[in-house]
Amino acid sequence: MSDIANNGAAHDIWDALRRSTQSRIGLGRSGDALPTTRVLEFGTAHAAARDAVHTPLDARALAGRIDGLGLGTPLLVTSRAADRSEYLRRPDLGRAPAEGALDVLPGSGGDIGIVLADGLSPRALDDHGVPLLQALHQRLRGYSIAPLVVATQARVALGDHIGAALGVDTVLVLIGERPGLSVADSVGIYLTHNPIVGCTDAQRNCVSNIHPPEGLGYDQAAQVVAALVAGARQIGRSGVDLKDMTGAGSQIEGPGPALST
């Protein structure tokens, strides 16, 4: 077989594999460098990731879209970070509310509080926040839901402040995840049971990589979250003691016997 035929066969093999992953594989070479096409693809992906991080969320527009679904008008909260630049330079400021920001929250309690946070990819929340919220509401029927909150310049821990102020049993933070060179619009959901200021990451559960059609679907993510909520309520805590077992018989595993959901 000629070298040309061998190169063609190898190219076909990589093409088939690329259809099953977003990873950068089989990039090839042109002399001692990458082919021009691959260099341009990398530059485009890098630009998309930068835009996802730096473009601010239009919180009022997002709140209006949510209100249009009949889910109520979300309350707007911001962190101590004044803008995207400070947010990126000072992660600590994104974990705490701005002065007086929580005054708009009613402390009426409820089973679950839901926070839609811009995080490191406001674009992800703008793209997926509303349909993901719809899927969660469907899966969490039977629980009382506190007024929705949209948080800007927010890190995950800001949800602890919001959950405590709302007086909810469990807080869910839907947040834009750190963009990569394959995915710039992925959402994660962080669940914290009995939220108080100062919770550690060991006290949370995370459902990540939500960005259909390539990533986790909205209803699939909502199903996992609903199972985790049920499990957290049964064992009285979330985090390292609470495991997602929805792929193994639809169960949540805690200390001792598996807990049926």
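Count residues from 1 along the sequence.
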If hydrophobic clusters are built by linking Ile, Leu, Val, Met, Phe, Trp and Tyr wherever their side-chain heavy atoms come under 4.5 Å apart, do Val130 and Leu132 end up in the same one? yes
State, yes or no, whether a side-chain contact exists between Tyr190 and Leu172 at a heavy-atom distance under 4.5 Å. no
Closer than 3.5 angstrom, by distance alone: can the side chain of Asp160 be matched with the main-chain N or O of Pro195 as a donor-acceptor pair? no
Any heavy-atom pair between the side chains of Ser121 and Val53 that's under 4.5 Å? no
Look at atom CZ of Arg178 and say whether more than 12 heavy atoms of other residues, nucleotides or ligands are closer to it than 6.0 Å. no
Within-4.5 Å side-chain heavy-atom neighbours: Leu69 and Gln134: yes
Of all the heavy-atom pairs spanning Leu158 and Ala151, show the shortest one and how long it is. CD2-CB, 3.9 Å
Same apolar cluster (I L V M F W Y, side chains within < 4.5 Å links), Ile162/Ile175: yes
For a 4.5 angstrom cut-off between non-hydrogen side-chain atoms, does Val171 reach Ile112? no
Would the distance check show the side chain of Asn205 and the main-chain N or O of Gly239 forming a donor-acceptor pair, the cut-off being under 3.5 Å? yes
Shortest non-hydrogen pair, Val104 vs Leu76, comes out as CG2-O, 4.0 Å
Is a side-chain donor-acceptor pair under 3.5 Å present for Ser186 with Glu177? yes
Check the pair Val187 / His211 against side-chain contact (heavy atoms from CB on, under 4.5 Å), numbers first and verdict last. CA-CA 7 Å; Val187 175; His211 58 97; over 6 Å; no
For Arg80, look at atom CZ and say whether over 12 heavy atoms of other residues, nucleotides or ligands are found less than 6.0 Å away. no
Side chain to side chain donor-acceptor pair (under 3.5 Å) assessment of His193 paired with Asp169: CA-CA 6 Å; His193 192 63; Asp169 296 330; over 6 Å; no
Between Ser144 and Asp111, is there a side-chain donor-acceptor contact under 3.5 Å, judged purely by atom types and distance? yes
So, Gln203 versus Arg237: side-chain donor-acceptor pair below 3.5 Å or not? no
Please examine the side chains of Val183 and Glu214, heavy atoms only from C-beta on, and report whether any two atoms are closer than 4.5 Å. no
Heavy-atom nearest pair, Arg204 first then Thr200, reads CG-O, 3.7 Å
Here the pair of heavy atoms bringing Leu57 nearest to Asp126 is CD1-CB, 4.3 Å
Determine whether Val225 and Val229 make a side-chain contact, defined as any pair of heavy atoms from C-beta on separated by less than 4.5 Å. yes
Run the salt-bridge test on Arg155 and Asp92 with the 4.0 Å N-O cut-off and return the result as yes or no. no
Between Leu116 and Val149, is a side-chain contact (heavy atoms from CB on, under 4.5 Å) present by the stated rule, with each step listed? CA-CA 6 Å; Leu116 295 94; Val149 176; over 6 Å; no
If you define the side chain from C-beta out and look only at heavy atoms, does anything of Val150 sit under 4.5 Å from Pro74? yes
Heavy-atom distance under 4.5 Å between the side chains of Pro122 and Arg84, does that happen here? yes
Nearest atoms (heavy-atom pairs only) where Ala101 meets Val77: O-CG2, 3.9 Å
Tell me, yes or no, whether the heavy-atom count around Tyr87 atom OH, taken from other residues, nucleotides or ligands under 6.0 Å, exceeds 12. yes
Measure across Ser79 and Gly94 and return the closest heavy-atom pair with its distance rounded to 0.1 Å. OG-CA, 3.6 Å
